[in-house]
Amino acid sequence: MDDWKGQVVAGGNGKGNRFDQMYSPTDVLIDKEMDSLIICDADNQRVVRWSRRSGTTEGEILIDNIWCQGLAMDDQRYLYISDTAKHEVRRYQIGDKNGTIVAGGNGNGDDLNQLNEPRYIFVDQQQTVYVSDNYNHRIMKWNKDAKEGIVVAGGQGRGDALTQLNRPQGLFVDTLGTIYVADSWNNRVMRWPKGAKQGTIIVGGNDQGEEANQFNGLRGLSFDRHGNLYVVDSWNHRVQRFLIE
C-alpha cells in the first residue's frame with residue numbers, strides 16, 4: 001500500500017524562499033530530457049527546477065521576478081510561462097532569463113492584444129498558445145508570431161450561460177482543436193468544439209459543493225491516454241477523475 005502514499009519530491013520544508021523551500025506553488029511540469037520537475041513557485045515570484053534523481057534536497061532558480069501562474073513546454077523544449085502581474089505569456093529557451101512575449105504584453109485590458117491575469121496555458125505542436133484569460137472570462141488562442149489573439153471560448157462577459165465563462169482556469173486542447181476548460185466560478189468543466197459559439201457542460205454545473213458531481217474552486221485539469229479526465233478541485237482538497245465519453 002506504500003505506493004498510494006504521497007512522496008515529497010520538491011520542497012516540504014515549510015513555506016519560505018530558501019533553495020529547499022517553496023511558497024504557494026501553482027503549477028508543475030516534467031522535463032523528461034533533464035529528468036527534472038519545473039515548478040511555478042508563485043509567491044516567491046520564481047520558476048525553479050528540481051532534479052527527480054533521489055537525494056535531491058534543493059532546487060535551482062530558472063527565472064525570477066515573475067508572478068508566474070501557469071507553465072507549459074512544447075516539443076522543442078521551449079518553456080511557456082504566464083505572468084499575472086504583466087498580463088502576458090512568454091516563451092523561454094531553457095537557460096534564457098528574458099524570453100519572448102507570445103501572448104499579451106500590452107498591459108491589462110480586454111482588447112485582442114491584451115490579457116487580464118492569464119492563468120493556465122496549453123501549447124500545441126504548432127506552438128499555438130491557448131491561455132485562460134481569467135478576469136476577461138475567456139480562452140484566447142494566439143497563433144505562432146501573432147500580434148493579437150482570437151477568442152475561442154467565452155468572451156461574452158462574466159456569466160453562466162453556455163456562451164459564457166466565469167474566471168476560467170485549467171485548460172486542455174485535443175488534436176481536433178476541442179477545448180476543455182475548468183470554468184472555475186461556475187463550478188463546471190466545459191467542452192468547446194473548434195469554432196463553436198457555445199460550449200457544453202461535461203461535468204459539474206450543479207452549484208458549488210462537495211458531492212461527486214460538484215466542485216469548489218476548480219483549478220487545473222488533464223487527461224490520461226485512456227480518456228480519463230483529472231480535475232483539481234481545490235477548495236474541496238481533492239482531485240477527481242471522470243471518464244469522458
Side-chain angles (χ1 to χ4, degrees), residues 1-86 88-99 117-123 129-132 134 169-172 182 184 216-225 228-241:
M1 283 299 293
D2 283 349
D3 288 350
W4 293 97
K5 291 181 181 174
Q7 177 187 5
V8 177
V9 291
N13 296 298
K15 77 178 181 189
N17 62 6
R18 297 192 317 245
F19 288 129
D20 66 341
Q21 294 178 306
M22 285 185 284
Y23 189 1
S24 299
T26 56
D27 208 356
V28 59
L29 58 81
I30 297 172
D31 181 358
K32 292 178 182 153
E33 193 150 313
M34 295 295 292
D35 195 23
S36 62
L37 302 173
I38 296 176
I39 302 164
C40 175
D41 186 9
D43 282 2
N44 279 326
Q45 298 174 47
R46 65 191 186 187
V47 176
V48 294
R49 189 208 325 256
W50 284 67
S51 170
R52 295 172 71 200
R53 289 188 283 276
S54 61
T56 299
T57 57
E58 58 181 46
E60 59 171 321
I61 297 173
L62 290 179
I63 298 150
D64 55 11
N65 299 314
I66 183 168
W67 281 103
C68 61
Q69 276 288 318
L71 298 171
M73 186 176 274
D74 69 19
D75 295 346
Q76 272 109 54
R77 291 188 67 245
Y78 281 100
L79 181 63
Y80 297 74
I81 307 171
S82 63
D83 186 329
T84 56
K86 292 182 179 170
E88 67 187 24
V89 178
R90 283 182 184 254
R91 180 178 66 221
Y92 298 81
Q93 272 188 303
I94 301 287
D96 165 26
K97 300 278 190 195
N98 297 316
E117 286 212 15
R119 298 295 169 97
Y120 288 82
I121 43 186
F122 183 92
V123 181
V129 180
Y130 295 82
V131 187
S132 56
N134 190 264
Q169 296 270 359
L171 76 159
F172 180 90
S184 183
N216 186 0
L218 276 174
R219 290 290 183 270
L221 53 82
S222 66
F223 282 90
D224 67 18
R225 58 194 174 89
N228 293 302
L229 170 67
Y230 295 80
V231 183
V232 177
D233 190 9
S234 184
W235 297 329
N236 279 329
H237 316 293
R238 66 190 183 185
V239 176
Q240 293 210 70
R241 181 179 67 190

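The chain is numbered in sequence order, starting from 1. Below, each value reflects all heavy atoms present in this structure, side chains not excepted, and no hydrogens, waters or symmetry copies. For clarity, every value in this text was computed on a predicted model and none was experimentally measured.
- G217 and S184 get closest at one heavy-atom pair: C-OG, 4.2 Å.
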>> Run the side chain to side chain donor-acceptor pair (under 3.5 Å) test on D27 and Y120 for me, step by step, so that the C-alpha distance in whole Å, both residues' side-chain angles and the decisive distance to 0.1 Å come before the verdict.
In response: CA-CA 9 Å; D27 208 356; Y120 288 82; 5.7 Å; no

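- Note on ring orientation: taking the six-membered ring where Trp is involved, the planes of F172 and F223 are tilted (angle from 30° to 60°).
- Residues E88 and P118 are not in side-chain contact: their nearest non-hydrogen atoms beyond the backbone lie 4.5 Å or more apart.
- Residues A182 and L218 share a closest heavy-atom pair of CB-CB, 4.1 Å.
- Side chains of D74 and Y80: a donor on one and an acceptor on the other come within 3.5 Å.
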> For T84 and N134, what are the C-alpha separation, side-chain angles and deciding distance, and is it a side chain to side chain contact (heavy atoms under 4.5 Å, CB included)?
Replying inline: CA-CA 9 Å; T84 56; N134 190 264; over 6 Å; no

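- Residues satisfying the side-chain hydrogen bond (donor to acceptor under 3.5 Å, both in side chains) criterion with D83, sequence neighbours excluded, are absent altogether.
- Other residues, nucleotides and ligands contribute only 12 or fewer heavy atoms inside 6.0 Å of the OH atom of Y78.
- Annotation: the span from I38 atom CD1 to C68 atom SG amounts to 11.5 Å, rounded to 0.5 Å.
- Screening residues 53-64 for side-chain hydrogen bond (donor to acceptor under 3.5 Å, both in side chains), with sequence neighbours left out, gives R49-E60.
- Taking CG from L71 and CG from L79, the interatomic distance works out to 6.0 Å, rounded to the nearest 0.5 Å.
- Atom CD of Q69 is separated from atom CD1 of I81 by 12.0 Å, given to the nearest 0.5 angstrom.
- Pairing each heavy atom of A42 with each of S24, the nearest pair is CB-O, 3.3 Å.
- Distance CG/D31 to CZ/R77: 4.0 Å, rounded to 0.5 Å.
- Evaluated for a side-chain contact (heavy atoms from CB on, under 4.5 Å) with I63, the options I61, I66, N65 yield exactly one hit, I66.
- Distance CZ/R119 to OG/S132: 8.0 Å, rounded to 0.5 Å.
- Applying the 6.0 Å contact sphere to OH of Y92 captures more than 12 heavy atoms from other residues, nucleotides or ligands.
- Minimum heavy-atom separation, S82 to G70: OG-N, 2.8 Å.
- Atoms CH2 and CZ, from W50 and R52 in turn, are 14.5 Å apart once rounded to the nearest 0.5 Å.
- Using a 4.5 Å heavy-atom threshold, the side chains of I94 and M73 count as touching.
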Please output the side-chain donor-acceptor pairs of residues 12-20 that fall under 3.5 Å, not counting sequence neighbours, one pair per line with the distance.
from : atom 1 : to  : atom 2 : distance (Å)
N13  : ND2    : D20 : O      : 2.8
R18  : NE     : D20 : OD1    : 2.8
R18  : NH2    : D20 : OD1    : 3.2
R18  : NH2    : D20 : OD2    : 3.1

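- When side chains are defined from C-beta on, I30 counts as touching L37, because their heavy atoms get closer than 4.5 Å.
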